[in-house]
Each structure stands twice: as structure tokens, then as C-alpha cells.
Amino acid sequence: MDFDYSEDQQLLQESVQRFVRENYSFEARRQLVATEQGYSDAHWRQFAELGWLGIPFPEEHGGLGMSGVETMVVMEAIGSGLVAEPYLSTVVMGGGAVAAAGSEEQKAEILPAVAEGKCKLAFAFAERQARYNLQDVEMRADAANGGYRLSGMKSVVFGAPTADRFVVSARTAGGLRDADGITLFLVDKEAAGLSVRGYPTADGLRAGEVTLDNTPGDALGEVDGGLPTIEEVVDRAIAAVSAEAVGLMGTLNDMTLEYLKTREQFGQPIGRFQVLQHRMVDMFIAHEEAKSMAMMAAMRIDEEDADARKKAMSAAKVQIGKSARFVGQQSIQLHGGIGMTDEYAAGHYFKRLTMIDRSFGDNDYHLRRYAAL
Amino acid sequence: MDFDYSEDQQLLQESVQRFVRENYSFEARRQLVATEQGYSDAHWRQFAELGWLGIPFPEEHGGLGMSGVETMVVMEAIGSGLVAEPYLSTVVMGGGAVAAAGSEEQKAEILPAVAEGKCKLAFAFAERQARYNLQDVEMRADAANGGYRLSGMKSVVFGAPTADRFVVSARTAGGLRDADGITLFLVDKEAAGLSVRGYPTADGLRAGEVTLDNTPGDALGEVDGGLPTIEEVVDRAIAAVSAEAVGLMGTLNDMTLEYLKTREQFGQPIGRFQVLQHRMVDMFIAHEEAKSMAMMAAMRIDEEDADARKKAMSAAKVQIGKSARFVGQQSIQLHGGIGMTDEYAAGHYFKRLTMIDRSFGDNDYHLRRYAAL
Amino acid sequence: MRIDITDRDRAFREEVRAFIRDRLPQDVRDKVRDGSLLTRDDVVDWMRAVSERGWMCPNWPEAAGGPGWTPSQRFIFEEESCLACAPGPVPFGPQMVGPVLLAFGTEEQKARHLPGILSSGTIWCQGYSEPNSGSDLASLACRAVRDGDHYIVNGRKIWTTNADWADWCFALVRTDSSGKKQDGISVLLIDMSLPGVTVRPIERFSRMSDFNEVIFEDVRVPVSERIYDEGKGWTCAKYLLGHERSGTAGVGLCRQRLDRLEEIDDGRDPEFSRRIAETGAALEDLRWSYLRMVAAKEADDEIGPEASLLKIRGTEIQQDVMELLMEAQGYFAHPFIERALARGWNEPPVGPSEAAGATAFYFDWRKASIYGGSNEIQRNIIAKAVLGL
Amino acid sequence: MRIDITDRDRAFREEVRAFIRDRLPQDVRDKVRDGSLLTRDDVVDWMRAVSERGWMCPNWPEAAGGPGWTPSQRFIFEEESCLACAPGPVPFGPQMVGPVLLAFGTEEQKARHLPGILSSGTIWCQGYSEPNSGSDLASLACRAVRDGDHYIVNGRKIWTTNADWADWCFALVRTDSSGKKQDGISVLLIDMSLPGVTVRPIERFSRMSDFNEVIFEDVRVPVSERIYDEGKGWTCAKYLLGHERSGTAGVGLCRQRLDRLEEIDDGRDPEFSRRIAETGAALEDLRWSYLRMVAAKEADDEIGPEASLLKIRGTEIQQDVMELLMEAQGYFAHPFIERALARGWNEPPVGPSEAAGATAFYFDWRKASIYGGSNEIQRNIIAKAVLGL
């Protein structure tokens, strides 16, 4: 086992951290997420130039052919600065789906465009009635004229408002909640019958409801056999947000510790009170535990055995969720009134941590999956 | 609503508390539970003389005709002194079953004898495979010669080694875990085919495995309709041990608080450390919450609506269990090494609290029942 | 010791229900149920309706205008109000300023201020915390300097709930800095319309906003508006903190939200149902603790440190309930359309109707364990006052 | 950063398994699995078998007799030992006294004591706590007064695990009371067979007993058995506490017990299955934290305050596992036949075989968050050493 970064990984980390330091002051971030689009095209171009948009893709498709560890490095820095660009939806999820299931033609068409920053993706898999069940797919896809037409609605699609293409799960066979009979499709944002109702999310990012009405789509991967890809992509998202959460908690803990050392009440820094010291210790422990699981997830996400991967990602999601909830809630508590204000950063980190916990299956879901595997 | 004791209730409380003070020093209790029988016949006679053994029974059957509140008063004092006499199994459970379901003849025969201290009872309802499910009854009772013959085994029967008569649940109809078809029987300890394998329990009390082999028994209450009585008796036990737990926690909290004020480390009483102060506060809160629920249980145990009673007792059991676990574990933790020793009282209170939590349905069981009602 | 549900209590409960049914507008009820934001009019109109019925100040003695209710009746009224989704009143007048005036005010002061509270014609806020005086409230710095018949007040108050709605402010000010910090504090009643009073809303990260900053710049407050002796304000403040903590511990609010959760829960996730049940049992415990410690007491009994217990457990359970409601939304915890929480938004909602506010309420309710004396401070109080540690 | 399971590691794991299969008696294995009490022979015979193989002291440098394992191999050995229900060694010699001797001992001292530890011919205990010195260890009072070539030791040690089995004791004693309490402490190695040494078992309420009181009355200990300088014993003590805390955090033990729980669990109570899973996920986290913080380090890297983290979380998870095992017994958590835990009891058990010890183990394991520096002390250490609070 080796828990140290290679030289290349260290260089990558320094580069992403520098970007965050130089571009993501809390004030800059507030202004950015208040804009209509909610993130910066200039930043996105910079991501492309630095190669970050191609990290997990094969080199022959314009990528860097890197592993889960490099994605972790980027996502942790993204978390540390509350970065708002749709890296998760485009590179990890949409790009992950194309890389995992796409034909050579599809990969050649899409992945280089993603890596160059010319194409954004969104992975439309969740539906209103489904909660976190990936098999609960009502979106229909009917064969027509040698292609497929999709009709139905996808809910809370991250990155939907500015996606150029969607990867959409739809039912091509079988009954509601059957594992078989689900197929992934590539759908263009300009395709007939597609409409997006975009909105901000509680953490200041963007998502949307995507409605398809007899909309043409290209099958991505095996027809009727899309579920394993969906599961893989969602697991990749879990590994990614685990790293993001570690970054978020790191900043939040630094902020809280600093506050404990400087805020004075009763004639001394409040960090002199043992109860607050031990609370901070438990926040430190929660962060360290999250780090361990994020590293585990990064090292095991590329595992071939799908059951082993799923079990590992469920364990990570559960533990990250516990840590995130504790660190988030307690950082607000220890800050007191100032922590409740919109102009202070802590609340915004707490919000993002909370939304990560509400994504890709919550604690209950993943404990059930962990126990069943 | 009235949360104050009446004058009679106050007198009862003073009388039981005096008994505990005068007879149940920790050293006296240790010696008592180390004897073969595990409790004192002299104490039991005193209980009878003071009328405590007839508290819940009708006056026409030698009882005092009192309510759940008086049982609470006695059980709380029993808890406060770790009293080892089989009050719960004889008066609350065995006596409760006879009072609830017995014919006038059965009541007239048994209840006065119980009240006079001449007859001890045990309620044999649990079976090995059943966990906490009261309907899971494998003990068979077959009609024979105008009576019944019972065969099977009852597990962990509290008070079994010194019981004169047993109230035994057995299946007279229906399949395993059916609600209908369960009947209660009175079985004499001398009855043919009955054997008891007695043992101490982890809290220093006594219980036993009761095996019946074609043993004669008299039906108590409706044939095939015994379940509601079993449920009522177990609910009465819950109300009683809720009060007992309040007494146990009271003593344990007093002991721990005293220790915090006197034990010195780092040049000051350890109760000066804020972390230990707040822990003690949470133990105080847990005890107060348990008190509220024990009072609620005492006031509602005589309720006619069985579903309302069951829901109330489940809520009480859950909350008492949470409080008991927290107070028990933390009292040991705050005492440090001395708390782990056998010669110090805290561990023994912790053990009884733990065993209460393991009786009559645990947290999971009662949350399910609470949610279902 | 007995449960004693009299026919009179049953009839009273019906009377309260009928009153709310008749007088509470449906749109206000819907907003409370869905967790939408209420306007000042929503709240104050309802307070006036309650005042007209004579029920605004249930904790006051009958002679002072209280309704003369038994403890059970007080509890029934609060419980039914919550279950029917009536807005909570702005509590500072009836629950805090009123009792302090009754205990410490002169006859003139009572005559001047109590009628407005009873009729809900006057809305109050409470000027306590300052930027550098949070948990350590007694270190407050807002200065009041005597100038003939007036005090000249300068300073900043912060986290002042409902200051933007209030007509008057019950403020702690420093009239003397020479001695111990608790000495030298005085209580002034300040007319919010006086020159030099500025109210600035403080946005919360939940994007809900009823916190304010209140700035006093050379505000001239008549000496006749000082409650109790100069320099003895800490006595009033402690009295008031006790009253603030007791409240109802949110029992009715939690019950109403849990009822909603049980409606939403489809039972597909047994663990989620179990957690609802667990919170329900904890709430039942809180309810009985409240009955035992507060409702069963006579109106003028002093509420001791038990109030801290109810504040701690009440806010913990409230926060659990808010969290469950958010979790129940699954992915629909994400969408956050700020306008959707305000009056006049009529686009179709994204997701279930209660989703629009569930996340914001979860975030916002983190304040509950901070304000009114943080739960850490409440534990310090119990450690000292009850346990002698 | 990468997972790197080499063929060599795989082969090594097989080698460990084969060794345990060949050498561990079935009855000892059964006792560990069922939680029965082990005798000194059960433990020491197994230690000798491990010693013969050269594996007793995996953390020692190869030159000192360590097996020269990689961090992965050390972890594999510990994990496989636990999963196969091998007894844990008496840890004081190989894990504590050895490293201290290697760091602070003279060549003579090493030559005298290390071979006995390596061969498991000598069993050690640790004389630290005293009746009035628990968390505040440095306040210890056990006196050692110089008398020519000897110290005369008088005092009491308490909670001394395995003192009844031990040949030697590694003791902290006070050689000077004049200055700061941490100064004036020295380390003595005391032969337990010396006149004046008395060992008295301390019964625990769990009715398990490996705590002892050790009383020294005018025990004459040669000066040559003092480790490091007189008055510098606190340096050794702190070094050793770090080593004690690191341990393996009980990962293997918990995994073995959780495996047993999964076997027992019939799935009829989904909430119980969920709690097993929850503890499993927490244990997985602990395992990776251990790998990251300890196993991946070289043998001579110093383990910092991370050791406190592993101690806190390790003991919390161990206690959770013990509690689940007890809860799994339902009513069979009640019967407690003390003799049933000892060798030679052959009546049929009451209830499932693992029920006999489950409750006693739950009770007993409450010690885990107390000894070796209570978890409160560990949090103090992190607050100070890591967070600078």
C-alpha cells in the first residue's frame, strides 16, 4: 500500500490548489454563483487548458488516462474552494458514462470535445418517483425508424441548464424497477421535444428538470443493459464527491479552529473551553476518517469486480455522510450567530456538504446496499 | 393533570424508601445476591406485612386496589436500592396475569396468598426462538381428560427458581406466530413433568429455563384468546421496570455526581472539567426524561384502549432504554477504573439497567410497535 | 398523581379549534403548513384576532388581562394552535416584556405599555446580543448616558429577531462601566420610530431573514422608559431569560411537522419510518416533561433551570424533525427557488409542495441551538444551578 | 497513491494462515471465538509458538530480532491472527518494554531482557496507574529511595493488567518529590518474584479478572534495572504511551466479531442488520485510517497524535461491536453462569453458545475507553498537540 502522492499527482494538486487560491476567494465565489449561469466560462477554458477536463479519459480520446486518484486530487481542491463549475456533471458523470459505455465513434466524437472544454454534459438518471433507486425508470424509449424516441421526465439533473448533451436513462423493456431493460441514450440539447426547466440548488449550483417528448436519442452502450453503467457512473460520482467533501470539511475545520482561537467571550478565546475543544477534536477526527474513506474510494473506484466496488463506495458514502453532517452542523454551532449569516463562508460550505449527503443515495440507502452485498 | 403524589402515595413512598435505606446497603445487597436463593425471605415477609404485595389487586381479594402510580412508587424505590426480591415476577407479572384473566375462583385462591407472601409466581412467556415476539409460542397444550397437558420449554423465566406457581403461555390452536390460539395456564411447581433449571442473571437476580413434559395445567382466562392478557402483563412489566430504571438512574447519578465533586486529578476535583460537567448534565437530562416517561406510563397503564396503552408503553420503553444506556455507560466512564470494579456499586446499577433494556422488547422492537400503532 | 382530562378541558379544546377554524385565513394556514415565509400582516392580523378573543397573554394574571386559564388550558391552546398551522405570535411582547413589566414596572409604565401588548397593537423586539457580546451577554457595550430627563443611547444590537416589524424594543444598555460587568446594566424601552434608530436586515445563509442589526445613534430615550433601578437591569434580564427558555419547547410545532412526515412517508424505507418513530417517542417524552415541569405549575410559579432542559431537548428535537423533513425530499432537497417561498409566486412547484421550504427550514433551524442562550450555555447553567459543579 | 497487493503479500497471507492452522489448538480457538476465559497457558503457549517462528516482535528492527516485515505484512499478520481467533499476546513485552529498551536501554539491559521477550520466556506487566493517579498519571507517588546499589521501592500500583501472570514489571516510580511532578519520575524493571511484591486480583463487575493491584513493600531493586537517567522516566513513559495507543485499534478483533454477528443475524429485524452494516462501515473506515496512519509507515517512524485518534475510534467501535453481540442474544443476554466461562465446564449451555460470554464481554469492554489514557485524555492530547487549543 502506498498513501503518498506521486510526483505527477503532487504537481496536479499544486496546480488545482493554485487555481482555487487565485480565483475562489469567498467574495468572488458569491458573485459568481449570483450570476445567471452560476459559473465562469473563463474558468472552464482554463480547466481545459490545464488538462483537467480530460483527466479520466483515454489518451487516444484526448484525455490524460489517469486514475481515480487524480480525480480525487481535483475534487478535493474543488471542495476546498466551493468551486461552482460543472466538473462533476460533465467530466465525472457525463464523461464517465461515455467512456464506460460509448462506442469508439461516440467516444471519439464526445470525449475530446469535453476535454477541450467545447462540450458540457449532464447525466439525467433520477426521476421523481424513484428516490435513490437507480432501477426505478419510467422514462420511455421506443424504437422508431432505426433510432429511438424518448418521452418522460428526469428530475434534479445536475448541470442541466448549460449542458450541450445529455446522457439519459430510459426504459426499453421490462417493468418498473426491473434491473434489465434500461438503456442509456445520448440526447442533444437542441433535439426536438427537449426542454429544461433550470433552477439554482440550495448550495448555489445549478440543476434542472429535463422533459423529453418524443425526442430522438442515440443508444449509448448495450440496449436493455444500461444499469451496470448507471451504477458505475453513480459510484464514480460518489468517489468524486467523497473527495470534494474532504476538501469542504478541511476548509470548514480550518475556519472553525481559527474562530475558536480568535473569538473571545468571558475574557478568553472560546477555544479555551474544554467542551468546544473536544467538539473540535471530534470534527478533526471526522475529517480524518473522511480522508481515509475518500482515499479508499479513489483507489478502489477502478476495481473490476462491480460488487466489491459497490460495497466499497457504499461504505465510503455512509462514512463521508456521517462526517459531513457532523462537521457541517457543528461548524455552524461553534460559530454561533455569525455562522448563520449569508455573508460568512461557513454556511455555504455546510450547504454544499448537506447537498452531497442528499445525492447518489443517502445513508439509509447505502447501508442497505452495503449489507446486501 | 396532576403530577403531585397524594398523601397516601407519599406515605407509601416514605415507607418503601425507609425499607431500602435500612436494609439495602450495597454490602448487604452483595451478600444477599451471593446466597443460593439470591434474596431474603424475611424481606418478603416484611413486604407482605406492609401490604406491598397486594398493591394492584382488588380489595375483595386481599389487595389494596391501587393504581399504576403506586406500583411506580414501589418500583422506583426497588430500583434505587437494587432490591433483589422477586416483586416484578410475582406481583406485577404473575399476579397481574391472574388479576387480569383469572376466574373469580382462581383470583380468590391465588391473589390473597400472593398478598400474604405465601405464594410466589413466575410468568413464563418467552421462548428460545421467539426473541421478543409474544406471539411466537411453540409450547403445546393438548386437551386431555377435561384438562390440559403442556409440553415444551420456556426460556429466561424471571423468578423461576423460587416460584410456587407458573403462568405459562401455550399454543392450543393456530400456527406458529398466529395471534389467536394462545392460552395461558396455571401450572404448579410440583406438577408432574415440570423441571426448572435455575441460574443467576447478569444483574445478580435469578431466572430459569422451565421445561414441561405432559404437565397438567389449568386454563387461565379465555382459551385461544390469551394474547391480549400476555400483552397487558408485559406492558405492566414495562411500566414497572420504567419506574425501577428511574430509581436506578437516580442513585447512579447521585453517586457519579458525588464522585465528580470529590475525586481529584490535576490538582482539582474532576467535576471542574467542563467536558465532564456537560456529560453529567446530559445524564441529569436523561434521568429527567426517564422520569417523565415513567410517570406517563404509570398514569396510562390502566388505560382501557389497548392500542393506546401499547403505543404509550412502547414510547416509554424506548425512551427509558435510551436514558438507561446513556446513564449506565457514562457513569462507568466518569468513574474511570474504580467504576469497573466489582466492589463498587456503580457497575451493579449499570448491569441492572442493561438487563432492563434487554427485557420485554428492546428499542428496535418497540419502535416498530410504536410506528405500527 | 393522575391524568385528569375533564369535560371542561374537552369543551375548551373544541372552543379553540372552532375559533381557529373561523378566524385563521386558509392561505396563512397553507403557508405555515408548507413552510413558506409569512408577512408581518399574516402574523399581526392573526395576533389581533387572538387578542380580540382575549387570549393573547395566557401567562398573565387574570387581573392584568390574562384569560385566567388553568395550566391544561394553556397547553391545549398552544398545542391546538400549532396543530392547526396558526402562525406563532411575535413572542417578545406577551411572553417577555409583559411579564417583566408586571414584575418590575411602575404603574405608569404598565398603564402605558400593557394595553398595546394585550391588543397586539404594539409589536416588540428584544435588544440583547451585540457583535462582541454573544454567549457572554453581560459584557455588552451599548451605552446610555444620562442627559437630564433622557438617556442618550449609542451602540449596536445584533441578531434582533423581528426588529424590522417592531414598534418598540426592550433593550439592555450599559449605564455604568466602572464596576463588575453585570452591574451597570439597565433596561430601556425604546420607541423604534425615534430619530437615530436604524434597522438593517441580516441575511441568513438559509436565505430566510428575520434577524436584524439595530443601530442606535444618539437616540434620546426618556428616563421614564427605564424599567427598574438604574444598574439593576441584569436582574430583569435573568428573569426574562428564564421566561424565554420555557416557551413551549416547540412541542406543537414538532407534532404538526411529524404528522406531515407520517403522511409523506410511504414506508418503502423502513429505517426512515423507524427514525420518524424514534423522533415521535422523543417528542412524546418532551411533551410530558413540558407538562410536568411547566404546564402543571401555576402561572406565577417560577420556572427554574428545568427551562434549560426544555430548551436543550426542544431545540434538538426540532432540529431532528427539520432534518427528517429535508431528508424525506430525496433529490428534491436540492432545488432552491428563493421566490417560491414568498407571497405571490404562482409557478408550479419543483417536486412535492413541501420540498420548496424543507431544505431552507433545515438550514435555518440550526439557529435554534444557538439563540436564546446557546445549548452549551444552557448546559453550563444546569451544571452550576442544579448540579453544583 | 495506490493499492498494491503483491504476490508476495498474498503468499505471506497464506503462510500466516497455514502457520495458525497448524499450531493453534482447536480448544483455544473455540474459547476465543465464544469469548470464554483463557488461562495463562493458553496465551503463553501460543506466544511461544509465535516466538519459535520468529514473529513475536514485528515492530522491532530486524537487527534486534524483528522479522523484517513490510508494513503490509505486519498488518496481514495481525489481521489473520484475529480472524483465526488466535489469542492476543500479552502485549507489554513485545509492544512496549521492548521498544523502550531499544530506545533507552543500555547494551547490558538489552542483552538481559530482550531475549526473554523475543522467546516469550518472560511475561511483562506495566506498573503505571495508582489509586490517586489515574488520568493525572504524573502525580504518581510510588517511591523509590536509593540505598547503595539498590532502590527501595514502596507503593501501590493499580489496574495492572496481567500482573498475576507476569515475571517482570515495567514500573514508573518517584525518585524525587522536590520539583515539577513530571520530573523526579524514573523507570524501574522489577522482578515480580522479589520479596515484598504482592499481587492481588481486582474483581471487575463484569466478573472477568485480569486487573490487579500490585503492592511493593521495601522491594530492593538493583540500580542496574533503571532505564535511562534517574528522573527522566517521564520521557520513556510518554514514548511508551504513544506505542500503547497505536496498537491495531482492534480492527481484526472487531472484524472477527462482526463476521460472527453476520452469521447469527437472521435478518428478521432489519434495523439490527442495518446497525451491523453501520458498524461494518465504521470499521472499514478505521481499518483504512490504521493503514494510512500506521501500517504504511516504516517501523521506526514515530506515531504521532494520530495514535490518539485510533485509540478513540478503535475503542468506540469495539464497544459498539460488543454491544451488538449482547443485543443479538435477546433474552439470553440475561443468564450468567460464571463457571461457564472457565475451562472444564461441560454442562450444556443456556441459550446459544456465544450467549454465555456476550454480556460479560459487553460489560468488560467498557474498560476500553478508560484504560491506556481515557478517551477524554486522548481528546485533550489531540486538542493540544494537533489543534493547538
Side-chain angles (χ1 to χ4, degrees), chain B residues 1-6 9 67-70 72-73 253 257 260-261 269-274 276-285 288-300 302-303 311-312 314-323 363-364 366-373, chain C residues 1-6 9 70-76 262 265 267 270-297 305-306 308-313 316-317 375-389:
Chain B
M1 286 154 294
D2 176 5
F3 288 88
D4 296 323
Y5 287 134
S6 69
Q9 289 166 344
S67 76
V69 174
E70 284 78 9
M72 173 178 80
V73 166
N253 272 0
L257 182 58
L260 290 183
K261 288 179 178 174
I270 59 173
R272 298 295 296 275
F273 291 100
Q274 196 192 24
L276 307 192
Q277 290 179 351
H278 281 208
R279 195 84 52 84
M280 193 69 231
V281 167
D282 287 332
M283 293 163 72
F284 163 79
I285 291 177
E288 290 294 320
E289 289 196 288
K291 270 189 209 168
S292 300
M293 285 315 243
M295 288 184 190
M296 183 278 280
M299 291 194 268
R300 299 191 64 184
D302 299 311
E303 175 134 11
K311 185 157 191 167
S314 282
K317 189 67 168 59
V318 166
Q319 291 297 109
I320 296 279
K322 273 166 63 178
S323 289
N363 186 298
D364 295 350
H366 282 290
L367 280 176
R368 277 200 306 280
R369 191 170 84 155
Y370 180 84
L373 285 166
Chain C
M1 189 179 292
R2 65 193 191 285
I3 300 185
D4 193 22
I5 302 170
T6 61
D9 283 350
T70 64
S72 318
Q73 286 177 309
R74 293 204 301 269
F75 182 75
I76 289 167
E262 286 172 8
D265 181 34
E271 162 63 6
F272 194 71
S273 308
R274 197 193 65 82
R275 286 171 58 207
I276 295 174
E278 193 167 30
T279 309
L283 179 62
E284 186 72 10
D285 199 335
L286 180 70
R287 183 170 180 271
W288 283 85
S289 294
Y290 176 77
L291 288 170
R292 179 164 75 88
M293 295 176 183
V294 179
K297 300 249 192 285
E306 301 92 344
S308 292
L309 184 160
L310 296 173
K311 201 274 181 176
I312 291 169
R313 289 298 295 141
E316 287 173 350
I317 292 171
N375 285 9
E376 287 81 6
I377 292 291
Q378 306 298 340
R379 286 187 168 85
N380 285 347
I381 290 171
I382 295 178
K384 194 171 165 189
V386 183
L387 304 178
L389 288 171

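Below, chains carry the letters A, B, ... as their sequence lines are ordered, and counting in each starts from 1.
Ranked by non-hydrogen atom pairs under 4.5 Å with chain C, the options B:R368, B:M295, B:Q274 are led by B:M295. Chain C forms the most heavy-atom pairs under 4.5 Å with one residue out of B:I285, B:V69, B:D4, and that residue is B:I285. Ranking B:V318, B:D364, B:D282 against chain C, the residue ahead of the rest is B:D282, based on heavy-atom pairs under 4.5 Å.
Separation of atoms CZ (C:R379) and CE (B:M280) is listed at 13.5 Å; rounding is to 0.5 Å. For the atom pair CZ (C:R292) and CD (B:E289), the distance works out to 10.0 Å, reported to the nearest 0.5 Å. The structure places CG of C:L389 at 6.0 Å from CG of B:L260, a figure rounded to the nearest 0.5 Å. Once rounded to the nearest 0.5 Å, the distance linking NE2 of B:H366 with CD of C:E278 reads 14.0 Å. With rounding to the nearest 0.5 Å, the separation of OG in C:S289 from NZ in B:K291 is 10.0 Å. In this structure, the separation between CD1 on C:I276 and CG on B:L367 is 11.5 Å, given to the nearest 0.5 Å.
For C:R287, no part lies under 4.5 angstrom from a heavy atom of chain B.
In this structure, the side chains of C:W288 and B:M299 come closer than 4.5 Å at one or more pairs of heavy atoms. Residues C:M293 and B:E288 meet the side-chain proximity criterion, which asks for heavy atoms closer than 4.5 Å. Within the 4.5 Å cutoff, the side chain of B:K261 has no heavy atoms near those of the C:L387 side chain. Residues B:N363 and C:R274 meet the side-chain proximity criterion, which asks for heavy atoms closer than 4.5 Å.
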Item to complete: Evaluate side chain to side chain donor-acceptor pair (under 3.5 Å) for B:Q277 paired with C:N380, printing each intermediate quantity in order.
Response: CA-CA 8 Å; B:Q277 290 179 351; C:N380 285 347; over 6 Å; no

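Closest approach of B:K322 to C:A282, counting heavy atoms only: NZ-CB, 4.4 Å. Heavy atoms only, all atoms of each residue included: B:A371 and C:A277 are closest at CB-CB, 3.8 Å. Of all heavy-atom pairs spanning B:S292 and C:D285, the tightest one is CB-OD1, 3.6 Å.
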